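Working notes, structure below.
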Amino acid sequence: DIQMTQSPSTLSASVGDRVTITCRASQSVSSWLAWYQQKPGKAPKLLIYDASSLQSGVPSRFSGSGSGTEFTLTISSLQPDDFATYYCQRYNNYPWTFGQGTKVEIK
Amino acid sequence: QEQLVESGGGVVQPGRSLRLSCSASGFTFSSYVMHWVRQAPGKGLEWVAVISYDGNNKYYAESVKGRFTISRDNSKNTLYLRMNSLRTEDTAVYYCAKGGSKEEHFYYYMDVWGKGTTVTVSS
């Protein structure tokens, strides 16, 4: 199975910072990659699909890039509502696989 | 708006069974692939199972294969997960999630999630 590895596992940042999270796949997943945001006690929320397409209603400060085996999620200017855990997920074939998550904390 | 509501969670002893339900509204349920995803306490997300829009194709994570069964009743707009031979490691919040439509690729992202139902396996 293709493994998904995120880095860092935890990130400390301040409001207004530019934040970048990396997701690496053990084999190419083309552009079949999504990013989700999850807050404590809540369900995951889709942010980005097909590696770089912004889900409807998601603020434009979120962006995704990459293809093949290396992907990034960027938050251009971190807002108080953005402190959460972020997961990448591949969906190019079975089984659907998530990264282990990146927790974005207040610095 | 599109909505998914899970139910059926609870506390169950190891080796026993439980059936989860997921009620869908706000979209044409019978046209969409549906998933179950779980999250153990303090852990990340783990995909569990998927079912095609017509129920004819089902796939499972290795960790639940042979013990869990995904099914759907399109006349009731409801997704199910039958969990047999439960283990302590099955303790988690279980989410249902909407995948792609029958016109789209089977392998698709999950754009709508329920709030989850908690399953605790403990003696």
Side-chain angles (χ1 to χ4, degrees), chain A residues 1-10 21 23 25 27-58 62 64 71 73 84-104, chain B residues 1-7 9 20 22 24 26-27 32-52 57-65 68 70 92-101 104-118:
Chain A
D1 292 351
I2 300 174
Q3 304 303 313
M4 308 301 291
T5 304
Q6 289 181 231
S7 60
S9 295
T10 307
I21 299 168
C23 176
Q27 298 176 42
S28 176
V29 300
S30 186
S31 294
W32 306 116
L33 187 107
W35 289 95
Y36 300 87
Q37 176 194 67
Q38 187 180 34
K39 297 179 180 179
K42 301 294 186 181
K45 172 187 174 183
L46 175 67
L47 299 176
I48 301 286
Y49 61 93
D50 295 349
S52 60
S53 296
L54 191 68
Q55 173 70 348
S56 176
V58 174
F62 291 93
F71 303 87
L73 173 70
T85 300
Y86 294 84
Y87 295 92
C88 63
Q89 179 209 35
R90 70 174 188 91
Y91 50 92
N92 59 308
N93 60 20
Y94 161 91
W96 285 254
T97 310
F98 294 90
Q100 81 277 17
T102 295
K103 186 176 183 179
V104 177
Chain B
Q1 74 281 20
E2 299 177 335
Q3 190 173 7
L4 298 169
V5 179
E6 303 92 338
S7 61
L20 306 183
C22 169
F27 63 99
Y32 286 87
V33 169
M34 295 296 296
H35 298 263
W36 286 100
V37 176
R38 69 184 180 182
Q39 186 170 36
K43 302 297 185 182
L45 300 169
E46 179 188 17
W47 173 79
V48 172
V50 64
I51 187 168
S52 59
N57 294 290
K58 306 173 186 181
Y59 297 95
Y60 300 92
E62 284 297 324
S63 58
V64 306
K65 198 175 290 185
F68 289 14
I70 189 171
V93 176
Y94 285 74
Y95 297 100
C96 62
K98 171 177 161 279
S101 74
E104 292 157 339
H105 201 283
F106 182 77
Y107 297 102
Y108 205 74
Y109 50 87
M110 301 166 191
D111 64 347
V112 180
W113 295 65
K115 294 183 178 181
T117 187
T118 300

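None of these values were measured; they are calculated from a predicted model. Below, all heavy atoms of this structure are taken into account, side chains as well, without hydrogens, waters or symmetry copies. Convention: sequence-line order gives letters A, B, ...; per-chain numbering from 1.
- To the nearest 0.5 angstrom, Tyr91(A) atom OH is 10.5 Å from Met110(B) atom CE.
- Here OH of Tyr107(B) is found 6.5 Å from CG of Asn93(A). Values are rounded to the nearest 0.5 Å.
- Heavy atoms closer than 4.5 Å to chain A are found in the side chain of Val37(B), but not in its backbone.
- Shown here is Lys103(A), whose NZ atom has no more than 12 heavy atoms of other residues, nucleotides or ligands within 6.0 Å.
- Residues Tyr109(B) and Trp32(A) are not in side-chain contact: their nearest non-hydrogen atoms beyond the backbone lie 4.5 Å or more apart.
- Contact annotation for Phe106(B): both backbone and side-chain heavy atoms come within less than 4.5 Å of a heavy atom of chain A.
- Each of Ala34(A), Pro44(A), Ala43(A) has some count of heavy-atom pairs under 4.5 Å with chain B, and the biggest count is that of Pro44(A).
- In this structure the side chain of Leu45(B) reaches within 4.5 angstrom of the side chain of Gln38(A), judged on heavy atoms.
- Interface remark: Tyr94(A) contributes backbone and side-chain atoms alike to the contact with chain B (heavy atom separation under 4.5 Å).
- A tilted orientation is assigned to the rings of Trp96(A) and Trp47(B), their planes being inclined by 30° to 60°.
- Contacts of Val50(B) with chain A are made by side-chain atoms alone, with heavy-atom separations under 4.5 Å and no backbone atom involved.
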